[in-house]
Amino acid sequence: MVYDRLLDELGPQYWWPADTAFEVIVGAILTQQTKWINVEKAICGLKEHCLLEEQALADADIGLLEDLIRCCGFYRQKASRIKGIASFFAENPMEDVFSLPLDELRRKMLSLKGVGNETADSIVLYAAGKPKFVIDAYTTRMMKCIGIEGSYIQLQQRFEAEIPEDVEIYKEYHALIVEYSKAFCGRNRCNECILKDLNENGY
DNA sequence: CACCAGGTTGACC
DNA sequence: GGTCAACATGGT
């Protein structure tokens, strides 16, 4: 299995690095098309200003937010989006929202501005701890390299059908694919070994 | 200097 | 249903 090989080669990644579920959610928006190192800087600044909390972030000055997250790019839309999402969770306690059935929770997250498929699944998996496999650009490219193309949902269904429905495995596998791709794959092609392994030994 | 990073949205077909 | 420009900074 590719999962076992990646785990063996790279070791556990322990994603998502964050102190709280709310930090995961904010980070999920900030990391869109952005290197994690820049997200860490922004998270750090938000923490210094005690803004990594639902009500505080919801009430924060938009100009201050823009300054604090400028290093993440798309800073104007991201500032208004994390503020909007903070307002939602200030009104709807996370514990209540996360206790919704998985599909309902996912739809609820998708209804928030700034939350698309990947971000919704990152929140469901890494913040709420429920089994939804996250498909990102690296995963999409890896699949394309072995001849499998499809919509986000189609790729996700394929993964979820191939591997055990286990939150810890979902978390690690996605993280491993990202780290492996960053280390060994080019922009338009994947490492030959993993492709061969995927074809011959399965996910 | 060109290219890309752990995407999403709204407009349009 | 799908495609596509726009969104923006920081590092190689």
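Residue numbers begin at 1 in each chain, while the letters A, B, ... track the order of the sequences.
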Fill in the blank from the handout: CG (A/Leu7) and CE (A/Met1) are apart, to the nearest 0.5 Å, by 11.5 Å
Exercise for the section: State the NZ-CD1 distance between A/Lys113 and A/Ile85, to the nearest 0.5 angstrom. Expected result: 11.0 Å
Practice task
By nearest nucleotide on DNA chain B, pick out whichever of A/Pro17 and A/Arg81 is the more 5' one.
Solution key: A/Pro17
Handout entry: Distance-only donor-acceptor check, side chains A/Asp136 and A/Thr139, under 3.5 Å
Key =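 A/Thr139 and A/Asp136 do have a side-chain donor-acceptor pair below 3.5 Å.
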Exercise for the section: Could you list by number each residue of residues 108-123 of chain A showing a heavy-atom separation from DNA chain B of less than 4.0 Å, or answer none if no residue does? Expected result: A/Leu112, A/Lys113, A/Gly114, A/Val115, A/Gly116, A/Asn117, A/Glu118, A/Thr119
Exercise for the section: Residues of residues 137-146 of chain A with any non-hydrogen atom less than 4.0 angstrom from an atom of DNA chain B: list those, numerically ordered, please. Expected result: A/Ala137, A/Tyr138
Practice task
Side-chain contact test, heavy atoms from C-beta onward, threshold under 4.5 Å: evaluate it for A/Ile177 versus A/Phe159 and give yes or no.
Solution key: yes
Handout entry: Heavy-atom check, side chain of A/Leu51 versus side chain of A/Val26, under 4.5 Å
Key = no
Main chain of [Y], side chain of [X]: is a donor-acceptor contact present, judged purely on distance under 3.5 Å?
X: A/Tyr126; Y: A/Trp15; value: no
X: A/Asp96; Y: A/Asn92; value: no
X: A/Lys47; Y: A/Leu52; value: no
X: A/Glu165; Y: A/Ile163; value: no
X: A/Glu54; Y: A/Ser87; value: no

Practice task
Only pairs at least two apart or in different chains count here, so list each side chain to side chain donor-acceptor pair (under 3.5 Å) that has a residue in residues 60-73 of chain A.
Solution key: A/Asp67-A/Arg70
Exercise for the section: Summarise how protein sits on nucleotides 4-12 of chain C as a single string, 5' to 3': B when a protein heavy atom is under 4.0 Å from the base, S for sugar-phosphate-only contact, - for no contact. Expected result: ---BBSBS-
Handout entry: For chain A, the stretch of DNA chain B it reaches, first to last nucleotide, under 4.0 Å of its heavy atoms
Key =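 Nucleotide range with atoms under 4.0 Å of chain A: B/dC4 to B/dG10.
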Exercise for the section: Pick the C1' atom in B/dC1 and in C/dG11, then give their distance to the nearest Å. Expected result: 13 Å
Exercise for the section: Can you tell me, in whole Å, how much space there is between the C1' of C/dT3 and that of B/dG6? Expected result: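 Here C/dT3 and B/dG6 have their C1' atoms 23 Å from each other.
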Practice task
Not counting sequence neighbours, list each pair that qualifies as a ring-ring contact (aromatic ring centres under 6.0 Å, His included) and has a residue in residues 27-81 of chain A.
Solution key: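 Residue pairs passing ring-ring contact (aromatic ring centres under 6.0 Å, His included), neighbours aside: A/Trp16-A/Trp36.
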Practice task
Determine the sole option in A/Tyr152, A/Tyr3, A/Tyr170 for which the ring pair (Phe, Tyr, Trp, His ring centres under 6.0 Å) test with A/Phe133 is passed.
Solution key: A/Tyr170
